[in-house]
Each structure stands twice: as structure tokens, then as C-alpha cells.
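See below for the structure under consideration.
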Amino acid sequence: MKKTAYMGIFLALALICSYIETLIPFHIGIPGVKLGLTNIVIVWALYLLGTKEALVISVLRIILSGMMFGNVFSIAYSLAGGLLSFAVMFLFKKTGKFKCVSVSIAGGIFHNIGQLFVAAAIVQNLSVLYYIPVLFVSGTITGLVIGVISQELILRVKFRFR
């Protein structure tokens with residue numbers, strides 16, 4: 001019961017982060033590059049609540065925020081990126097060889113790659129894959145920032161989840 005309440009809180013935080021991200025004028029001239037604030041909550045949930053719980057929060061957040069702030073295409077892009085990102089973060093974390101920051105960086109990179117493959121499928125043209133190096137760099141930078149913030153949150157709040 002307690003875990004369900006925490007999941008609700010994490011989902012609410014993720015939706016708030018999604019909304020805040022729509023308000024921040026973050027335009028660096030590269031289409032598709034976003035801050036990824038919501039991933040702070042997902043990484044935090046992965047480490048503090050568990051894999052299944054974090055996955056449920058991630059999927060629900062994508063669907064709900066897509067319905068509130070986006071459209072069918074934004075849901076498709078976000079689901080592809082979110083699920084691939086989550087799978088990679090889970091695998092990195094499961095090995096025990098990577099710290100939270102590295103897990104987040106991997107998630108940032110693969111979120112972009114997942115979205116790029118959906119874009120290639122939608123436009124039916126693989127030439128969009130030439131965009132991978134740009135998204136690799138942006139995913140690394142945003143993943144690093146999100147990872148550092150997540151790691152601090154995990155260290156400072158972990159005792160409350162026992």
C-alpha cells in the first residue's frame with residue numbers, strides 16, 4: 001500500500017516535470033533536443049522503488065502527458081524513446097558496474113535513438129539516422145545533468161523509503 005502511494009507521488013512529480021518542461025524556452029537550434037526533466041523522477045523511482053514500479057510510472061507519465069500536452073505522435077515518439085531508454089537503464093543498473101550518472105547518460109542517449117527510429121519509420125526514410133551523432137551528444141549532456149541531480153536526490157532522500 002505504501003509503495004502504491006509513492007508511485008502516485010512519483011507519477012504526479014513526473015507529470016509536473018513534463019508540464020514545467022513545456023514552459024521552459026529551451027531552444028538551442030537543434031530540433032528534438034529537450035532537457036528531459038522527467039527522467040529525474042524515473043531514475044529516482046528506478047533506484048528507490050524498483051524496476052516494475054518505475055516502468056509503470058514511466059509509461060503512465062508518457063501516456064498522460066501526451067494526452068494533456070501533446071498528441072498521438074508525441075505519445076508514439078515518447079513511448080519508443082522512453083521504453084528503449086528504460087530498458088537500457090535497467091540493464092546498466094542490473095550489472096552493478098555503473099553508477100547512477102552513467103545509467104542516466106545511457107538512458108538519455110537511447111531515448112533519443114528510440115525516437116529517431118520512430119521518426120525514420122514515420123517518414124519512411126533512413127536518412128534521418130544521420131542525426132544520431134547530434135542526438136548522441138545531446139543525450140550525453142542531458143543524461144549527465146539528470147544523472148547528477150538524480151544521484152543527489154537518491155543520496156539525500158533514500159532513508160525515507162525504507
Side-chain angles (χ1 to χ4, degrees), residues 10-11 13-47 49-151:
F10 275 70
L11 178 58
L13 283 171
L15 287 169
I16 290 167
C17 287
S18 289
Y19 178 66
I20 289 171
E21 195 162 10
T22 65
L23 300 176
I24 297 173
F26 182 73
H27 303 287
I28 60 171
I30 303 170
V33 175
K34 291 173 47 176
L35 293 173
L37 295 177
T38 307
N39 209 34
I40 294 169
V41 178
I42 303 306
V43 171
W44 197 19
L46 181 62
Y47 278 86
L49 297 178
T51 304
K52 293 175 194 166
E53 294 79 7
L55 180 60
V56 168
I57 293 166
S58 181
V59 170
L60 286 175
R61 193 275 315 165
I62 289 167
I63 293 168
L64 291 172
S65 66
M67 290 169 51
M68 290 189 296
F69 314 120
N71 54 42
V72 175
F73 288 108
S74 65
I75 293 172
Y77 282 110
S78 293
L79 269 176
L83 291 175
L84 181 59
S85 169
F86 191 86
V88 170
M89 288 192 301
F90 165 73
L91 292 172
F92 270 54
K93 180 183 178 283
K94 187 176 180 177
T95 67
K97 296 179 182 179
F98 300 98
K99 295 189 183 225
C100 179
V101 175
S102 300
V103 169
S104 177
I105 290 170
I109 292 168
F110 280 91
H111 189 276
N112 290 342
I113 290 173
Q115 289 186 326
L116 201 55
F117 278 106
V118 168
I122 288 173
V123 298
Q124 297 179 346
N125 190 339
L126 293 178
S127 65
V128 297
L129 297 180
Y130 288 112
Y131 202 48
I132 285 178
V134 172
L135 293 179
F136 184 88
V137 171
S138 72
T140 301
I141 293 168
T142 57
L144 175 66
V145 171
I146 298 304
V148 169
I149 294 169
S150 298
Q151 185 171 326

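All heavy atoms count here, side chains included; hydrogens, waters and symmetry mates do not.
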So CG of L116 and CG of L126: to nearest 0.5 Å the spacing works out to 10.0 Å

Closest heavy-atom pair and its distance - G66, I75:
CA-CG1, 3.5 Å

Please say whether more than 12 non-hydrogen atoms of neighbouring residues, nucleotides or ligands are located less than 6.0 Å from CE in M68.
yes

Any idea which heavy atoms bring A106 and V88 closest together, and the distance?
CB-CG1, 3.8 Å

Give the C-alpha distance, both sets of side-chain angles, the deciding distance and a yes or no for side-chain contact (heavy atoms from CB on, under 4.5 Å) between F90 and L55.
CA-CA 10 Å; F90 165 73; L55 180 60; over 6 Å; no

Give, for atom CG of L13 and atom CD1 of I40, the distance between the pair rounded to the nearest 0.5 Å.
10.5 Å

Would you find a donor on one side and an acceptor on the other, under 3.5 Å apart, between the side chain of S18 and the backbone of A14?
yes

Say you draw a straight line from CG of L79 to CG of L84; how long is it, rounded to the nearest 0.5 Å?
12.0 Å

So, taking the atom named CD1 in I146 and the one named CD in Q151, what distance separates them when rounded to the nearest 0.5 Å?
13.0 Å

On a heavy-atom basis, which atom in A45 and which in I57 lie closest, and how many Å separate them?
CB-CD1, 4.0 Å

Taking the side chain as C-beta and beyond, is there a heavy-atom pair between L144 and T140 under 4.5 Å?
no

Under a 3.5 Å distance rule, please check whether S138 uses its side chain to pair with a backbone N or O of L135 as donor and acceptor.
yes

Any donor and acceptor pair, going by atom type alone, linking the side chain of E21 with main-chain N or O of G36 inside 3.5 Å?
yes

Within the structure provided, determine whether L60 and L15 are in side-chain contact (heavy-atom separation under 4.5 Å).
no

Give me the atom names and distance for the closest heavy-atom approach of Q115 to Y77.
CG-O, 3.1 Å

For the student: nearest non-hydrogen atoms of P133 and Y130, plus distance:
CD-O, 3.2 Å

What distance separates F69 CZ from L64 CG, expressed to the nearest 0.5 Å?
9.5 Å

Exam field: side chain N39 to backbone I42, donor-acceptor pair closer than 3.5 Å
no

Correct closest heavy-atom pair for L37 and I24 would be CD1-CD1, 3.9 Å

Between the main-chain N or O of C100 and the side-chain N or O of S104, is there a donor-acceptor pair closer than 3.5 Å?
no

Residues which pass side-chain contact (heavy atoms from CB on, under 4.5 Å) with F117, listed by chain and number, not counting sequence neighbours
I113, L129

Partner of F86 under side chain to side chain contact (heavy atoms under 4.5 Å, CB included), chosen from L91, L46, V43
L46

Could you tell me the separation between the CZ atom of F73 and the CD1 atom of I122, rounded to the nearest 0.5 Å?
5.5 Å

